[in-house]
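Every chain is numbered from 1 and lettered A, B, ... according to where its sequence line falls, protein lines coming before strand lines. When reading the values below, keep in mind they use all heavy atoms of this one structure, side chains included, and skip hydrogens, waters and symmetry mates.
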Number of protein chains: 2
Amino acid sequence: MRRSTLEEVAALAGVSKMTASRALRGASDVAHDTRERVRKAAEKLSYVGNRLALSLSSQRTNLVAVVVPSMSNTVFPEVLSGINAGLVGSGMQAVFGISDYDEEKEREIIRDMLSWQPSAIIVTGLDQPDDTVAMLKSAGIPIIQLMDLDGTPVDFNVGLSHGEAGRDMAVALLAAGRRKIAYVGSALEKDLRAVKRMTAFAGVLAAQGLSFVAEQVDDGFSSIARGKRLTARLLASNPDIDCIYYSNDDMAAGGLFCCMEMGIPVPSQIVLAGFNGLDLTEALPAPIATSKSPRRAMGEAAARLITDIMRNASETGPKTIVFKPPITGLRTV
Amino acid sequence: MRRSTLEEVAALAGVSKMTASRALRGASDVAHDTRERVRKAAEKLSYVGNRLALSLSSQRTNLVAVVVPSMSNTVFPEVLSGINAGLVGSGMQAVFGISDYDEEKEREIIRDMLSWQPSAIIVTGLDQPDDTVAMLKSAGIPIIQLMDLDGTPVDFNVGLSHGEAGRDMAVALLAAGRRKIAYVGSALEKDLRAVKRMTAFAGVLAAQGLSFVAEQVDDGFSSIARGKRLTARLLASNPDIDCIYYSNDDMAAGGLFCCMEMGIPVPSQIVLAGFNGLDLTEALPAPIATSKSPRRAMGEAAARLITDIMRNASETGPKTIVFKPPITGLRTV
DNA sequence: CCTGATAACGGTACCGGTATCGGTAACATG
DNA sequence: CATGTTACCGATACCGGTACCGTTATCAGG
C-alpha cells in the first residue's frame with residue numbers, strides 16, 4: 001500500500017499535476033468544480049502531501065528547530081509547550097532535540113536540526129562553544145538564544161538574567177534577616193545557569209562580609225529526592241543554619257520534606273529558597289521562596305518573535321526580550 | 001550568506017557531485033585523497049547536508065513521529081526522553097507533536113506528521129476515532145500505540161492496562177481494610193486512561209457491594225494545586241472517609257498537602273492513592289500509594305521496537321509489549 | 001597484443017512537489 | 001471581424017540530493 005502522490009490525485013481528477021496542486025492549496029485560477037473534483041480525488045486516495053517535496057521545492061520549511069538540554073525536568077517541557085502555543089496558526093512547526101546538557105551532543109543535535117533547513121532555530125542559553133556558534137551563524141537563519149541573558153547573544157535573545165535572579169534572592173533573604181545561609185545544589189558542572197545564580201548570590205553575601213556557611217553539592221541531576229537527601233546531610237553537620245539556597249525548586253521541595261520529617265519549622269527556623277516558581281511551590285504545606293521564572297511565557301515570546309521576523313524580515317524589532325522573575329513565597333519584613 | 005550545496009563542495013574539490021556525495025557518505029569507490037579533498041572542501045564551506053533532498057531522493061526519512069496529548073504533565077516528557085534514548089545510534093530522529101487531549105487537533109497533528117513521511121509513528125493510547133485510524137493505516141508505516149493496552153490496537157501496541165491498574169489498586173486498598181473510599185479527579189472527559197482506571201476501580205468496589213462514598217471532579221487539568229483544592233472540598237462535606245483514589249499522583253500529592261495542613265494523619269486515618277509513580281511520591285513526607293508506571297521504559301521499548309522493525313521488516317516479533325505497574329507506597333497487611 | 005577485471009569517477013534520471021511562463025478558449029469590446 | 005481580456009489550465013524547469021548505469025584508465029594474465 002504505497003502512499004499516493006499528487007500525480008495520482010491529478011490523474012484521478014483528470015487534470016494536470018499543477019492544477020491539482022493549485023486546487024488543493026486553495027489558490028485562485030481554478031474553476032470551482034475542478035477544485036471539487038480534485039478535492040474528491042484527494043479524499044478518495046486519502047492523499048497526504050509530501051512536505052519533503054514541498055519544502056525542497058519552495059525553499060522554505062516553516063520549521064522551527066528547538067534544542068533543549070533536558071526533558072526530565074518539568075521546566076523545559078513547559079517552555080516547549082509555550083513555543084508550540086506561540087506557533088499555532090502561523091503555519092510553523094517546532095521540532096525538538098535534546099542535548100542532555102552535553103556540549104558535544106548539543107553540537108551534533110544542532111547540526112542535525114540544521115540539516116532539515118529550519119526557518120529559525122531556538123537554543124537554550126548562550127554559552128555555546130565557538131564552533132557551534134559558527135555553525136549556527138552559517139545557517140543564515142534567525143537564531144534565538146532562550147532562557148538566559150547573561151552573556152553575548154549571537155542574534156536574538158529571550159530570557160532572564162540568572163545573575164540578577166541570584167542577587168535578588170540574596171538581597172531578599174538578607175532583608176528577611178537571614179545570615180547563616182547554606183547552599184544545596186547538584187550537577188553544577190552541567191547546569192551553567194544554576195551556577196550563575198549561585199555565584200551572583202555568593203557575591204551579594206561577600207559584599208556583606210558573609211559567605212555560605214556550608215555547601216552540599218553532588219553531581220547527579222536535581223530532583224526532589226536528591227534535594228531531600230542532600231538537605232539531610234547538610235543539617236546533620238550544620239544544625240544551626242537559618243536559610244538554605246537551592247539550585248532550584250525541585251531540590252528545595254525535597255529540602256522542605258526533609259525539614260518536615262525532622263520537625264524543623266519552615267520558614268520560622270529555616271527559610272528555604274529555590275528557583276523556577278514551579279506550580280508545586282504554591283501547593284506545598286509550608287512556603288518556600290522562589291524566583292518565578294515565566295517559562296511558558298518565554299517560549300511563547302520566542303515563538304512570537306519568530307513569527308514576527310518571518311512576517312517582515314525588513315523592519316527589525318528588538319533583538320532582546322527581557323523577563324524578570326518575581327520572588328514569591330517570602331514574607332519580607 | 002546562502003547555504004552551500006553539495007554541488008559547490010564538489011566544485012571546490014574539483015570532482016563531480018556524485019563523487020562528493022559518495023566521499024561524504026563514506027562509501028567505497030572513492031580514492032583516499034579524493035575523499036580527503038572533498039572533506040576539506042565541505043569543512044571549508046561548513047557544508048551541512050540537506051535532509052529534505054536526501055530523504056526525498058532516497059525515499060526514507062528515518063523520522064519517527066510521536067504524538068502525545070500534553071507536555072505540562074511530567075509523564076509525557078519522560079516518555080519522550082525514553083523514546084529519544086531508545087533511538088540514539090539508530091540513525092532515527094524523533095519529532096514530536098502535541099494534541100492537547102483534543103481528537104480534532106490530534107488528527108491534524110497526525111496528518112501534519114505524516115506529511116513528513118516518517119518511517120514510523122507513535123501515538124498515545126488506542127482510542128483514536130475511525131478517520132484518524134484510517135489515515136494512520138494508509139500511511140503504510142509501522143504504527144505504535146503507546147501507554148494503553150485496553151482496546152484493539154491498529155498495529156503495534158506498547159503499554160499497560162489501565163483497567164487492570166485500577167482494579168489492582170482497588171483490591172489492594174480493600175485488602176488494606178479501607179471501605180469508605182472517595183474519588184478525586186479532573187478533566188475526565190479528556191483523559192480517557194484515567195477514566196478507565198476509575199471505572200475498573202469502581203467495578204471492584206461494586207463487586208463487594210460498595211461504591212465511591214463521594215466524588216470530586218472538575219474539568220481543569222490535573223495539578224497539585226487542583227488536587228489540594230478538590231480534596232479540601234471533599235473533606236469539608238465528607239470528613240469520615242478513610243481513603244481517596246485520585247486520577248493521578250499530582251492530584252494525590254495535592255491531597256496529601258491538604259491533609260497535612262488540616263492535621264489529618266496519612267496514611268493512618270486516610271490512605272491516599274494515585275497513579276504514575278512519579279519520583280515525587282518517593283520523597284513526600286507521608287506515603288501515598290501509587291501504581292508505578294514505567295514511562296521511560298515504555299518509551300524506550302517503543303523506540304527499540306521500531307529500530308527492530310526497521311532492521312528486518314521480515315521476521316515479525318511480538319505485536320504487543322505489556323508492562324505491569326507495581327503498587328508502591330502501601331503497607332499491605 | 002588482446003582481453004577482462006577492477007578501481008575511480010561521471011552522467012542521467014529520478015524523488016514529489018512548486019514557480020514561472022505560456023497557451024487556449026470564451027467572451028466582451030471597438 | 002479583429003483584438004484584447006479574463007479565466008483556466010498545462011509544460012517545463014527547477015529544489016538538492018541519491019540510485020543506477022556507464023565510462024575511462026590501469027594493470028594482470030594468457
Please list, one pair per line, the donor and acceptor atoms closer than 3.5 Å that link side chains of residues 49-56 of chain A to other protein atoms, with sequence neighbours excluded.
| from | atom 1 | to | atom 2 | distance (Å) |
| --- | --- | --- | --- | --- |
| N50(A) | OD1 | L52(A) | N | 2.8 |
| N50(A) | OD1 | A53(A) | N | 3.3 |
| R51(A) | NH1 | D112(B) | OD2 | 3.4 |
| R51(A) | NH2 | T61(A) | O | 2.8 |
| S55(A) | OG | R51(A) | O | 2.9 |

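Between E36(B) and R39(B) a salt bridge is recorded (basic side-chain N to carboxylate O distance below 4.0 Å).
By the ring-ring contact (aromatic ring centres under 6.0 Å, His included) test, Y47(A) pairs with no residue at all, sequence neighbours left out. In terms of the ring-ring contact (aromatic ring centres under 6.0 Å, His included) criterion, F323(A) has no residue partners (sequence neighbours excluded).
The salt bridge (charged side-chain N to carboxylate O under 4.0 Å, His left out) analysis of residues 85-109 of chain A, with sequence neighbours excluded, yields the pairs D100(A)-K105(A), E104(A)-R107(A), R107(A)-D131(A), E108(A)-R111(A).
Comparing the end axes of the helix from dC1(C)-dG30(D) to dG30(C)-dC1(D), each fitted to five base pairs by superposing C1' atoms of four pairs onto the next four, gives an inter-axis angle of 60° (nearest 10 degrees).
If you take CD1 on I144(A) and CG on L136(A), they are separated by 12.0 Å, rounding to the nearest 0.5 Å.
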Practice prompt. Test side chain to side chain contact (heavy atoms under 4.5 Å, CB included) on V154(B) and L126(B) and set out the steps.
Written response: CA-CA 8 Å; V154(B) 177; L126(B) 20 68; over 6 Å; no

Fill in: Under 4.0 Å protein heavy-atom contact, by nucleotide of nucleotides 9-18 of chain C - B base, S sugar-phosphate only
BBB---BBBB

